[in-house]
Enquirer: 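Pasting in a structure now, in C-alpha cells, and then I'll have a few things to ask.
The chains referred to below are lettered A, B, ... by the order of the sequence lines, with proteins before strands, and numbering in each begins at 1. Computed from heavy atoms alone, side chains included, the values below leave out hydrogens, waters and symmetry copies. Note that this is a predicted model, so its numbers are computed, not measured.
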Protein chains: 2
Amino acid sequence: MSIFFSRQCEYAIQSAIYIAQKPAGQWTTVKELTGHLNVPYHFSGKILQNLSRKGVLISMKGTRGGFALAKPARDVTLFDIVDAVDGSAFHKACVMGFPRCGDGHECSLHDQWGILREKIYKMLVKKSLHDLAHDMNKPGYQILPDALKNSLK
Amino acid sequence: MSIFFSRQCEYAIQSAIYIAQKPAGQWTTVKELTGHLNVPYHFSGKILQNLSRKGVLISMKGTRGGFALAKPARDVTLFDIVDAVDGSAFHKACVMGFPRCGDGHECSLHDQWGILREKIYKMLVKKSLHDLAHDMNKPGYQILPDALKNSLK
DNA sequence: TTGAAATCAGACAAATTAGTCTGATTACTA
DNA sequence: TAGTAATCAGACTAATTTGTCTGATTTCAA
C-alpha cells in the first residue's frame with residue numbers, strides 16, 4: 001500500500017518542490033536532483049521528461065541544460081503534479097471498489113468518503129509549489145536525511 | 001492509482017460484506033461469492049484463506065464447507081479487514097514520501113494530512129461489518145450490476 | 001570545430017501485484 | 001465406503017510498476 005500516491009508521483013512531487021526552491025530561471029539537472037533527493041538517476045530522468053511532456057516543466061538540452069518550472073511556482077498546485085502523474089481517478093472511483101457506486105447505487109461509505117475526498121482535493125489544490133518550497137525551506141523542515149545530503153557529489 | 005486500497009483489499013472488503021449479509025452460522029463458498037461479486041475464482045480463494053489465517057474468517061473443508069465470520073459482524077470493523085490485507089502503513093508514512101517527515105522534520109502537509117488521515121481512520125474503525133451489510137441491503141444500494149447478478153450460477 | 005555535458009527515446013530487467021492452475025486433504029452423503 | 005464438493009497449499013503465469021542501460025541528439029565552450 002503506497003499510502004496515497006504512487007511512488008513515481010511521490011518522486012515527482014519531491015522533485016517539483018526541489019526545483020521550486022531554486023531561484024526562478026535556473027535550470028536543475030537530473031544529477032543535481034538525484035544528489036539531493038534519493039531518486040534513482042534514470043528513473044528521475046523519465047519522471048521529469050514526463051512532467052515536461054505534461055507541461056508542468058520545461059527542459060533544455062546541452063551543457064548548461066536541465067529542467068525548470070514551466071510556470072511561476074505560485075501558479076502550479078500540488079494537484080497539478082498529482083494529476084499529471086497519477087491522474088485524478090480518486091475523484092470518481094468508489095473507495096471500496098463497488099462498480100455501481102456513484103450510479104444511483106451508492107455504497108455505505110459513499111457520502112462520508114466523498115466529504116473526505118473533497119477535503120483532500122482542496123488540500124492539493126490550495127497548496128502551490130511556492131507554498132511548499134517556502135515551507136520546506138524553514139529550519140525544522142528538511143528534504144533529506146543529513147547522511148544522504150552529505151554524500152552528494 | 002488504485003484509489004486508496006489495493007485491489008486485493010477491495011475484494012476482501014466486498015467479500016466480507018457479502019458474508020456478513022448472510023444469517024450468522026451459514027457457510028459461504030468461494031463459488032457462491034464469485035458468482036455474486038466479480039472476483040476471480042482462484043484469487044478469491046487465496047484472499048479468503050488469507051483472511052482466515054489472519055483470524056477474520058473461519059473456514060471448513062468438505063462438502064458443506066466454506067467460509068464464515070470468525071466473530072459477530074458487529075465486532076469486526078472495516079479497519080480490521082484493511083489492516084489484515086494492506087496493513088496500516090498509512091498511519092505512519094509521509095503522504096509525499098519524505099523520509100524524515102514525522103521525525104522532527106515534518107513536511108508541509110504533515111499536520112493537514114494528519115487530520116484527514118485520522119478522519120479516514122475513524123471512518124474505518126466506526127464502520128462495522130454489520131453496519132455495512134445492513135446499509136448495502138437497502139433498496140438503493142446494490143453490490144453488483146444486474147447483468148452480472150443474472151448470470152450467476 | 002571538437003569535446004563535454006546535458007536531455008531524450010526506447011528497449012530492457014527486476015520487483016511487485018494480480019490472477020491461474022493443479023493436486024492434496026477434508027468432510028459430508030448416498 | 002466410495003464419490004463428491006469443498007478448502008488448502010504452493011508453484012506457476014501475466015500484468016503492472018519500478019528501475020536500468022545504451023545510444024542518439026542537442027547545446028555550450030574551449
Enquirer: Between C/dC8, D/dT7, C/dG19, which nucleotide has the shortest distance from any of its atoms to the side chain of B/K61?
Expert: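 It is D/dT7.
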Enquirer: Roughly how many Å is it from CG in A/L51 to C1' in C/dC8, rounded to a whole number?
Expert: 15 Å
Enquirer: Report the nucleotide, chosen from D/dA9, D/dT7, C/dT7, that has the shortest atom-to-atom distance to any side-chain atom of B/R53.
Expert: D/dA9
Enquirer: Applying the side-chain contact (heavy atoms from CB on, under 4.5 Å) test to A/F67, which of A/L33, A/I58, A/V30, A/V56 qualifies?
Expert: A/V30
Enquirer: Without decimals, in angstroms, what is the distance between B/F43 CZ and D/dT7 C1'?
Expert: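 Atom CZ in B/F43 sits about 17 Å away from atom C1' in D/dT7.
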Enquirer: Can you tell me the distance, in whole Å, between the CD atom of A/E10 and the P atom of D/dG19?
Expert: 10 Å
Enquirer: What is the distance from NE2 of A/H42 to C1' of C/dG10, rounded to the nearest Å?
Expert: 13 Å
Enquirer: Answer whether the closest heavy-atom distance between the side chains of A/Q14 and A/I17 falls below 4.5 Å.
Expert: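 Of all side-chain heavy-atom pairs linking A/I17 with A/Q14, none is under 4.5 Å.
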Enquirer: Using whole Å, report how far CZ of A/R7 lies from P of D/dT17.
Expert: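 The distance from CZ of A/R7 to P of D/dT17 comes to 13 Å, rounded to the nearest Å.
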Enquirer: Assuming nearest nucleotide by heavy-atom distance, tell me which of B/R64 and A/Q8 is located more 5' along DNA chain D.
Expert: B/R64
Enquirer: Separation of B/N38 atom CG from C/dA18 atom P, in whole Å?
Expert: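 In whole Å, C/dA18 P lies 15 Å from B/N38 CG.
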Enquirer: Is it the case that the side chain of B/E106 and the backbone of B/G104 share a donor-acceptor pair, with hydrogens and angles ignored and the cut-off at 3.5 Å?
Expert: yes
Enquirer: Can you confirm if the aromatic rings of B/F79 and B/Y121 lie within a centre distance of less than 6.0 Å?
Expert: yes
Enquirer: Please report, rounded to the nearest Å, how far the P atom of D/dA9 is from the CG atom of B/N50.
Expert: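 B/N50 atom CG is separated from D/dA9 atom P by 11 Å.
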Enquirer: Looking at D/dG19, I'd like to know if its phosphate oxygens (OP1 or OP2) sit under 4.0 Å from a side-chain N or O belonging to A/Y11.
Expert: yes
Enquirer: Could you please name the option among D/dT27, C/dG10, C/dC8 that lies closest to any side-chain atom of A/T63?
Expert: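 Of the options given, the side chain of A/T63 lies nearest D/dT27.
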Enquirer: Please check if the side chain of B/D131 supplies one atom and the backbone of B/S128 the other of a donor-acceptor pair under 3.5 Å.
Expert: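 It does hold such a pair.
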Enquirer: Counting only side-chain heavy atoms from C-beta out, which of C/dA6, C/dG10, C/dG19 sits nearest to A/T29?
Expert: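 Nearest to the side-chain atoms of A/T29, counting from C-beta on, is C/dA6.
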Enquirer: Atom CD1 of B/I47 to atom P of C/dT20: distance rounded to whole Å?
Expert: 11 Å
Enquirer: From the options D/dT20, C/dT7, C/dG19, select the nucleotide whose nearest atom is closest to the side chain of A/K46.
Expert: D/dT20
